[in-house]
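Fair warning: this is a prediction, and the values are worked out from it, not measured in the lab. The chain is numbered in sequence order, starting from 1.
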Amino acid sequence: MARLDTSSQAKPCPLCGGDDHTVVSTRDRNGSALRNVMCATCGHVFISPAPSEEELKAYYTEHYRTEYKGVITPKRKHVLRAGLRALERLSRLQPYITTPSRVLDVGAGGGEFAYLLSCAGHTVTGIEPNAGYAEFARQSYGLDIQTTTLELSDFESESFAVITLHHVLEHVADPRNALKKFWHWLKPSGLMIVEVPNAVSWFHAPRRRFHAAHLHTFNQLGLEDIFKAAGFRVEDLHVAAGTGHLNIVARKEPARATSATFRSAADNVLSHFQRHTELTHIFSGMALTRLWGNALRPWRERKKLSDLGNPHDARAILDRLFAPALM
């Protein structure tokens, strides 16, 4: 299995720039060495030392999808799962977009959400670093998917009305610079729709909390403050039911902030890590809930595909799945 090299020199907090850090974990979810620290100033959690940009590019273009999914292109079950998540994401987006818009989907994966957006009348461009998944999205759904990383991407200023990132920002080496780039790409009053893992969620067991590919683990205050620092007004930030993921909707302000103030969530994050032990996780019921859900998932997916007429083509799966929501 490919590993990200985290032996380079440690850097200041990527949110507030603080250099006083507390080590909160030395292992990833697979038990391999991985050092995560918490900024004592703002409470942001991040991998330190971090991989280089060259290592990240190689990892996401060549290894990430195969390690995470075990395949070079999505299987039927992956298409179905991503399609169901796409419907949830569309319902999140719809209250904010009432007319067809130009949308950029960063980290488009197999293209399921981008395809749903296009079916709903939007003009969609996607960015996906993995060649297999990007080609699958182009061939299966006729989408405009660019096979590249965010760092190498470039668009004209004010190109998009909406930019979406679902479980992408935690993979970006410099989230503040990424948000500044998005600010330039967005039209005036353009929207950002973002979802990231939550540092204080009970969804994962403590020993499964950190992933080698997750360079950052955000908290609510830090996520809101980094958007404000990049020139956005936060319109909504809520914790998703079940997973505890953080969902944020932010609108581009006319001018970027000239200074940034970061509030501290350090006490809250550290207290959560102290409370959320393997034992308390078991007693919370989350472990049993997830075990039961994982056991039922194959049956539920087979039934759902059967209800859809058991289509084997990816586009047919999504067309039948999306039809009721697009009527």
Side-chain angles (χ1 to χ4, degrees), residues 1 25 27-32 45 64-71 73-93 107 109-113 116 133 164-171 193-214 217-220 237-248 272-273 275-312 314 317-318 320-322 324-325:
M1 181 174 70
S25 177
R27 297 288 171 183
D28 71 3
R29 63 180 59 178
N30 297 315
S32 300
V45 177
Y64 176 68
R65 293 292 179 188
T66 53
E67 286 188 9
Y68 191 64
K69 298 292 187 182
V71 292
T73 57
K75 295 181 179 179
R76 286 202 313 157
K77 65 179 181 180
H78 298 140
V79 172
L80 177 65
R81 290 174 194 172
L84 292 169
R85 286 194 297 271
L87 288 170
E88 295 174 357
R89 292 166 181 173
L90 182 65
S91 67
R92 175 84 169 136
L93 185 62
E112 295 83 4
F113 182 54
L116 176 58
Y133 270 66
T164 63
L165 294 89
H166 294 95
H167 293 274
V168 173
L169 197 61
E170 66 268 26
H171 299 271
I193 312 289
V194 176
E195 181 174 285
V196 294
N198 184 357
V200 299
S201 170
W202 286 70
F203 186 61
H204 293 290
R207 60 184 171 81
R208 303 280 296 171
R209 181 180 289 135
F210 295 113
H211 189 304
H214 289 183
T217 307
F218 292 93
N219 63 73
Q220 286 181 261
L237 198 163
H238 80 275
V239 179
T243 62
H245 296 327
L246 296 174
N247 290 266
I248 189 168
H272 171 77
F273 289 164
R275 293 193 317 271
H276 189 201
T277 64
E278 293 295 331
L279 186 61
T280 58
H281 185 77
I282 291 172
F283 281 114
S284 74
M286 182 58 72
L288 183 60
T289 299
R290 293 202 65 190
L291 183 64
W292 181 245
N294 289 337
L296 289 180
R297 185 164 68 173
W299 175 81
R300 287 173 173 167
E301 290 172 347
R302 286 194 297 269
K303 184 178 185 303
K304 186 64 177 180
L305 287 169
S306 177
D307 292 343
L308 295 174
N310 206 30
H312 288 275
I317 293 173
L318 296 188
R320 297 179 193 184
L321 181 66
F322 294 162

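Between L80 and K304 the shortest side-chain heavy-atom distance falls below 4.5 Å. At a threshold of 4.5 Å between non-hydrogen side-chain atoms, the residues Y133 and P74 count as touching. The shortest distance between side-chain heavy atoms of V239 and Q220 falls below 4.5 Å. Contact annotation: the side chain of L308 never approaches that of K303 to less than 4.5 Å [non-hydrogen atoms, C-beta and beyond]. A 4.5 Å side-chain heavy-atom check between I193 and N247 finds every atom pair outside the cut-off. Inter-residue side-chain proximity for L116 and L318 is flagged as unmet; no heavy-atom pair is nearer than 4.5 Å. T217 places none of its side-chain heavy atoms less than 4.5 Å from the side chain of R209. Between H166 and F113, the closest side-chain pair of non-hydrogen atoms falls below 4.5 Å.
Across all their heavy atoms, S201 and T243 have their closest contact at OG-O, 2.8 Å. Taking both residues in full, the closest heavy atoms of T277 and P206 are given as C-CG, 3.5 Å, listed atom of the first, atom of the second, then distance. L169 and L165 make their closest contact through N-CD2, 4.4 Å (heavy atoms, listed as atom of the first residue, atom of the second, distance). Closest approach of W202 and M286 over heavy atoms only: O-CG, 3.2 Å. Here the closest heavy-atom approach between residue R92 and residue I248 is recorded as NH2-N, 3.9 Å. Here the shortest heavy-atom pairing between A199 and F273 reads O-CE2, 3.4 Å.
For F210, the ring pair (Phe, Tyr, Trp, His ring centres under 6.0 Å) test picks out no residue, with sequence neighbours left out.
The stretch residues 281-291 participates, sequence neighbours left out, in these side-chain hydrogen bond (donor to acceptor under 3.5 Å, both in side chains) pairs: H204-R290, H276-H281.
Partner E301 forms a salt bridge (Lys or Arg N to Asp or Glu O under 4.0 Å) with one of R81, K77, R76 and no other, that one being R81. A ring-ring contact (aromatic ring centres under 6.0 Å, His included) with H167 holds for exactly one of H214, H211, H245; it is H245.
Atom CD of residue E112 and atom NE2 of residue H78 lie 10.0 Å apart, to the nearest 0.5 angstrom. To the nearest 0.5 Å, the span separating CG on L305 from NE2 on H312 amounts to 9.0 Å. The distance from the OG1 atom of T280 to the CZ atom of F283 is 9.5 Å, given to the nearest 0.5 Å.
The backbone N or O of A213 lies less than 3.5 Å from a partner atom in the side chain of H171, making a donor-acceptor pair. At distances below 3.5 Å, at least one donor-acceptor pair connects side-chain atoms of N198 with backbone N or O atoms of V200.
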